[in-house]
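Convention: sequence-line order gives letters A, B, ...; per-chain numbering from 1.
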2 protein chains.
Amino acid sequence: MDEALRAVADPTRRAILLLVRDGEVAAGDLARHFPGISRPAVSQHLRVLTSAGLLGVRRDGNRRLYRLRREGLAEAAGFIQDMWSDRLDLLKRAAEQEENEQGAR
Amino acid sequence: MDEALRAVADPTRRAILLLVRDGEVAAGDLARHFPGISRPAVSQHLRVLTSAGLLGVRRDGNRRLYRLRREGLAEAAGFIQDMWSDRLDLLKRAAEQEENEQGAR
DNA sequence: CCCCTATGTAAGATAGTGCTTAAATACTTA
DNA sequence: TAAGTATTTAAGCACTATCTTACATAGGGG
């Protein structure tokens with residue numbers, strides 16, 4: 001999870017994720033969306049995202065097609081949602097925990 | 001959102017968020033949970049989290065009590081969930097967009 | 001008032017990140 | 001197999017983050 005959250009902390013990488021959200025995109029096409037930065041820089045971001053499990057890659061002849069790996073976000077999404085969820089869930093959790101403690105005695 | 005996601009990318013800060021999830025905690029009590037790092041370091045993490053809108057502070061005499069600000073996570077949670085949500089949502093979004101484009105013509 | 005506790009701020013060392021240019025790898029096509 | 005296209009890897013550099021120690025601030029209690 002740590003790697004995934006670190007990866008998502010960068011705005012360029014978030015933009016990349018948005019670009020591949022709806023299907024496969026070639027590295028070059030991705031790089032074209034960032035006129036401000038060089039292709040190698042984008043390539044490095046792709047490596048970070050891939051290594052974090054957030055992207056999958058496939059070779060298609062010359063090109064490399066990247067796609068979103070939603071599973072990679074599962075843990076991170078879990079944490080965020082856990083923190084973000086409101087008091088109702090909190091009370092529920094507390095109740096369950098207390099129940100477990102009761103059972104353990 | 002950028003600041004919130006960057007803040008959450010650090011494991012120590014995530015641990016802090018977990019500690020304040022269920023209620024207010026004094027800075028010193030938080031620091032005690034991290035024997036490996038100094039109190040000032042924790043204080044700096046608290047500043048980052050507060051500045052990102054993820055924590056709220058309140059003075060209580062000598063001490064400062066920190067609490068989780070769930071609202072601060074809203075945007076970040078939205079992004080993650082948006083990326084993490086499965087193809088059903090995706091198709092729905094595509095349909096809506098197409099509908100909008102139709103309407104715009 | 002003086003001292004103790006709780007906490008934050010400042011300054012500096014160190015490590016990590018993200019960018020760039022140059023070179024390497026890999027596939028495609030004539 | 002030579003040349004072209006797509007992409008990654010390498011090396012180096014500037015900027016940022018995180019930690020540490022030393023100091024400053026602020027409230028509480030004798």
Fill in: Summary of salt bridge (Lys or Arg N to Asp or Glu O under 4.0 Å) pairs that have at least one residue in residues 27-56 of chain B, sequence neighbours excluded
B:D29-B:R32
Practice prompt. Tell me, please, which residues at least two apart from B:E24 pass side-chain hydrogen bond (donor to acceptor under 3.5 Å, both in side chains).
Written response: B:R58
Discussion item. On the nucleotide C:dG8, are OP1 or OP2 found under 4.0 Å from the side-chain N or O atoms that B:Y66 carries?
Written reply: yes
Fill in: Any side-chain heavy-atom pair of A:L65 and A:R63 under 4.5 Å
yes
Between protein and nucleic acid, restricted to nucleotides 20-23 of chain C and to nitrogen or oxygen atoms under 3.5 Å apart, what atom pairs and distances do you find?
unit_1, atom_1, unit_2, atom_2, d
C:dT20, OP2, A:S38, N, 2.8
C:dT20, OP2, A:S38, OG, 2.7
C:dT20, O4, A:Q44, NE2, 3.0

Item to complete: Would you please name every residue forming a side-chain hydrogen bond (donor to acceptor under 3.5 Å, both in side chains) with B:S51, sequence neighbours left out?
Response: B:E3
Worksheet item: Quick one: A:F34 CZ to C:dC19 C1', roughly how many Å, whole number?
Response: 14 Å
Worksheet item: Stepwise, does the side-chain contact (heavy atoms from CB on, under 4.5 Å) test hold for A:I80 with B:W84?
Response: CA-CA 12 Å; A:I80 298 264; B:W84 183 74; over 6 Å; no
Worksheet entry | Residue list, side-chain contact (heavy atoms from CB on, under 4.5 Å) with A:A41, at least two apart or on another chain | A:I37, A:S38
Response to the item:
Distance col, row B:L73:CG vs A:M83:CE, nearest 0.5 angstrom, shows 6.5 Å
Fill in: Pairs meeting criterion salt bridge (Lys or Arg N to Asp or Glu O under 4.0 Å) with involvement of residues 9-18 of chain B, two or more places apart
A:D2-B:R14
Worksheet item: Sequence neighbours excluded, which residues qualify as side-chain contact (heavy atoms from CB on, under 4.5 Å) partners of B:T50?
Response: B:L55, B:V57, B:Y66
Discussion item. Short of 4.0 Å, heavy atom to strand atom, which residues of residues 6-13 of chain A count as contacting DNA chain D?
Written reply: none
Response to the item:
The salt bridge (charged side-chain N to carboxylate O under 4.0 Å, His left out) partners of A:R69 (sequence neighbours excluded) come to A:E71
Item to complete: Please list residues of residues 49-63 of chain A whose heavy atoms come under 4.0 Å from any atom in DNA chain D, ordered by number; otherwise none.
Response: A:N62, A:R63
Worksheet item: What integer distance in Å separates B:R47:CZ from C:dA6:P?
Response: 21 Å
Practice prompt. Would you mind reading off the distance between A:H45 atom NE2 and D:dT8 atom C1', rounded to a whole angstrom?
Written response: 15 Å
Response to the item:
Rounded to whole Å, CG of A:L65 lies from P of D:dT8 at a distance of 11 Å
Worksheet entry | Touch class at under 4.0 angstrom, heavy-atom based, for A:A31 against every strand present | nothing
Worksheet item: Taking it one step at a time, do B:V48 and B:R6 satisfy side-chain contact (heavy atoms from CB on, under 4.5 Å)?
Response: CA-CA 9 Å; B:V48 170; B:R6 267 208 319 271; over 6 Å; no
Discussion item. With a 4.0 Å cutoff (strictly under), does any side-chain N or O of A:R64 reach OP1 or OP2 of D:dA6?
Written reply: no
